[in-house]
Each structure stands twice: as C-alpha cells, then as structure tokens.
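Reading through the structure tokens given below for one structure.
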Amino acid sequence: MTYRAGWIHFTNVAPILDSLTLPPGVTAITGVPTQMNAALLSGEVDIANISAVEFIRHADILEALPDFSVSVLGPVYSVSLFHTRPLEGLRRIALTAQSAMSVALLEVLLRGRGLSPVLERAEGEAEELLASGYDGVLRIGDSALREWYSVVGPLTAERTMTTLPDSGRGVTVTDLAEDWFRLTGHPFTFAVWAYRKGRPPPPELVQAMRVARRHGIGHLADVAARHAAMLGLPERVVQHYLWNFRYHLEAPDRLGLEEFAAKAVPDHAPLCFGERPGQEGR
Ligand SMILES: C=C(O[C@@H]1C=C(C(=O)O)C=C[C@H]1O)C(=O)O
C-alpha cells in the first residue's frame with residue numbers, strides 16, 4: 001500500500017529534502033504550509049511537515065516525529081513583519097495566506113503587547129502592500145527572505161548577517177522568531193513532521209529522512225550555493241540562513257513548542273511524539 005508524503009518545499013527544508021530518496025511505496029507532493037496542513041488533515045497525504053500550530057490544534061488526532069523539526073533560536077530571517085510605523089502604532093496588517101504558524105505567532109506577540117490591529121489576508125510583495133494602505137505586512141518563506149535582504153542588505157565586509165540593521169528604505173523588519181526569543185528565551189519551532197495517530201510512516205522513510213538530513217547538513221555549503229543561485233541571493237546569506245536552523249526536535253525546542261502551545265491554544269490536547277530513536281538514528 002502506498003504511503004503519501006506532503007512536503008513544504010521551502011529553502012529552509014532543503015538540507016533534509018534535497019537529497020531524500022523515497023523508499024519504494026512512498027510518494028510525495030509539495031506545496032506551501034497551508035496547503036500541506038490541509039492535505040494532512042483531509043487525508044490526502046499521510047505525513048507532512050506542517051505548521052506546528054496545526055499540530056497543536058489537532059493534537060487529539062495527530063502525532064509527530066520525535067526528532068525532526070524546523071526550529072530556530074533567535075532570528076529566522078524568513079518570517080518577518082515589515083512595517084512602516086512602530087509596532088504600537090500599527091492599525092492594519094496584511095497576512096499571507098500561505099502561513100498558519102507565523103500568523104499564530106504574530107497574534108501571540110501582538111496580544112502580549114496589548115495590541116489589536118486589524119489583521120487581513122492579502123497577497124503581494126511587502127513593499128507593494130505597504131504602499132497600498134497597510135502599515136504592516138507578514139511574509140514567510142523564500143520570498144520573505146529575499147524581501148528582508150532587499151530591505152536591510154547588502155552585506156559588505158563590515159556588515160555581516162548578525163550586524164545588518166533592522167530597517168532600510170523606510171521599512172522596519174521585525175523578525176518574529178527573534179521577538180519570540182526576546183520574550184521567552186526559547187527556540188521557536190515552525191514546523192514538525194506530523195501524521196495521524198496509529199498511521200506512522202514506514203521506518204524506511206524515517207531512516208531515509210535521517211540519512212538525507214545528515215547528508216544535507218554535512219554538505220551545507222553545496223546546498224546553500226545551489227539555493228543561493230535559485231533565489232538570486234549571495235551564498236553568504238543562504239549559508240547563514242541554513243546553518244542557523246535546528247532540524248532536530250531537542251529538549252529546548254520542545255520547551256519552546258510547549259510554551260507556544262500554552263499561549264496560542266490553551267485548551268489543546270497533550271502533544272504526542274513517536275518514540276525517540278537511539279543515537280545511531282541521527
Ligand atoms: C521558517 C519558516 O517556516 C515555515 C513556516 C510555516 C508557517 O508559517 O505556517 C510553516 C512551516 C515552516 O516550514 C518559513 O516559512 O520561513
């Protein structure tokens with residue numbers, strides 16, 4: 001019987017997915033986070049890297065792999081609120097329809113500051129939307145990374161990835177994962193690999209994912225060079241972007257995930273994870 005996977009194929013998962021060889025009997029489709037969230041919940045796929053908030057909301061029926069995630073400690077660079085006035089003064093924010101997790105994170109961060117601007121779904125480039133009546137725009141993924149760089153870049157000998165400003169061209173960029181870190185001191189987990197309880201992936205698939213991740217992280221410069229060319233960004237940017245991610249789901253990531261779950265979905269069912277692999281599983 002076929003086991004169907006759904007992959008969010010953003011650059012941030014390239015170190016896992018680029019060299020993944022699917023075992024016989026496993027098929028895969030790709031899409032943006034909200035598409036993969038829907039595909040898993042409707043049963044169109046059996047496993048997907050989904051927005052962690054959807055895993056939390058559906059913790060009664062879903063379980064997640066215990067050692068895979070897209071997490072970060074501090075800035076993520078690709079989940080940003082672009083804004084033209086201070087956060088406290090924001091009145092109308094455009095949200096991307098691609099995201100569930102980042103929208104939920106933005107809501108938690110705004111609520112924590114006692115702010116309640118109007119949030120509306122609207123697609124388009126951040127700077128276009130800012131010119132058309134929004135004073136804040138939430139963007140995620142590859143296009144958000146590109147837009148972040150075009151606002152705060154370029155890198156020079158003196159301006160490194162960690163010393164770039166947080167504004168340029170009249171636009172301020174608030175990195176939501178960095179804001180979460182300032183608030184909680186925890187990493188932020190954007191995605192987990194979830195499946196329906198009682199329908200875990202074949203062990204060969206999980207093992208193939210671990211092999212692919214080991215290969216991807218071991219060859220990060222090559223992965224970054226390939227994707228930098230596709231994104232039209234300097235290799236230095238993409239290399240830093242990728243090595244900054246945490247692709248396992250370790251104790252600090254789980255603490256962050258639990259804290260986020262308590263804030264965003266207070267009545268959620270307990271989060272379930274499959275059995276942790278031994279050291280050789282990495
Ligand atoms: C870091 C990112 O994480 C992604 C963001 C998601 C969301 O906002 O729902 C879902 C999965 C993640 O892989 C990104 O898109 O840039």
Side-chain angles (χ1 to χ4, degrees), residues 5-18 20 28-41 45 47-58 62 64-65 68-82 93-110 119 121 123 126 137-149 173-181 186-194 209 213 216 224 227 230-231 233 237-238 240-249 253 256-257 260-261 264-265:
W7 306 143
I8 299 170
H9 212 320
F10 283 162
T11 300
N12 58 51
V13 269
I16 302 177
L17 294 183
D18 276 13
L20 177 64
I29 60 168
T30 60
V32 299
T34 40
Q35 289 169 332
M36 291 305 102
N37 299 343
L40 181 67
L41 289 168
V45 299
I47 186 169
N49 51 329
I50 62 165
S51 306
V53 71
E54 287 298 296
F55 167 61
I56 295 165
R57 287 182 184 135
H58 301 279
L62 297 179
L65 292 181
F68 278 89
S69 75
V70 175
S71 302
V72 76
L73 179 63
V76 62
Y77 307 103
S78 60
V79 176
S80 294
L81 184 68
F82 296 82
I93 298 180
L95 305 175
T96 165
Q98 295 187 356
S99 165
M101 191 60 188
S102 308
V103 170
L105 174 56
L106 179 63
E107 285 169 348
V108 164
L109 295 172
L110 290 171
L119 303 178
R121 296 277 178 184
E123 290 307 318
V137 178
L138 174 69
R139 303 273 290 152
I140 68 162
D142 296 352
S143 55
L145 179 66
R146 260 198 242 104
E147 287 181 73
W148 163 79
Y149 188 69
V173 189
T174 296
D175 185 308
L176 296 198
E178 186 170 24
D179 208 46
W180 170 259
F181 172 68
H186 289 313
F188 192 77
T189 297
F190 283 95
V192 294
W193 269 254
M209 287 169 56
R213 177 177 57 192
H227 283 271
M230 293 194 291
L231 293 168
L233 286 169
V237 171
V238 180
H240 184 97
Y241 175 62
L242 292 180
W243 73 39
N244 184 53
F245 281 103
R246 304 166 55 81
Y247 291 112
H248 297 74
L249 184 59
D253 309 303
L257 187 61
F260 178 77
V265 194

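Atoms within each ligand, like the ligands themselves, are counted from 1 in listed order.
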Backbone of Thr189 reached by a side-chain donor or acceptor of Asp253 within 3.5 Å: no
All side chain to side chain contact (heavy atoms under 4.5 Å, CB included) counterparts of Ala126, not counting sequence neighbours: Phe82, Val137, Arg139, Glu147
For Thr96, all residues meeting side chain to side chain contact (heavy atoms under 4.5 Å, CB included), sequence neighbours excluded: Gln98, Ser99, Glu123, Ile140
Sidechain-backbone polar pair: Trp180 side chain, Pro187 backbone, donor-acceptor under 3.5 Å: yes
Test salt bridge (Lys or Arg N to Asp or Glu O under 4.0 Å) applied to Asp179 - qualifying residues, sequence neighbours left out: Arg113
Amino acids in close contact with ligand 1, where any non-hydrogen atom sits under 4.0 angstrom away: Ile8, Phe10, Asn12, Pro33, Ser51, Val76, Ser78, Val79, Ser99, Ala100, Met101, Ser102, Ile140, Gly141, Phe190, Ala191, Tyr241
Residue of the set Tyr149, Phe10, Trp148 for which ring pair (Phe, Tyr, Trp, His ring centres under 6.0 Å) holds with Tyr77: Trp148
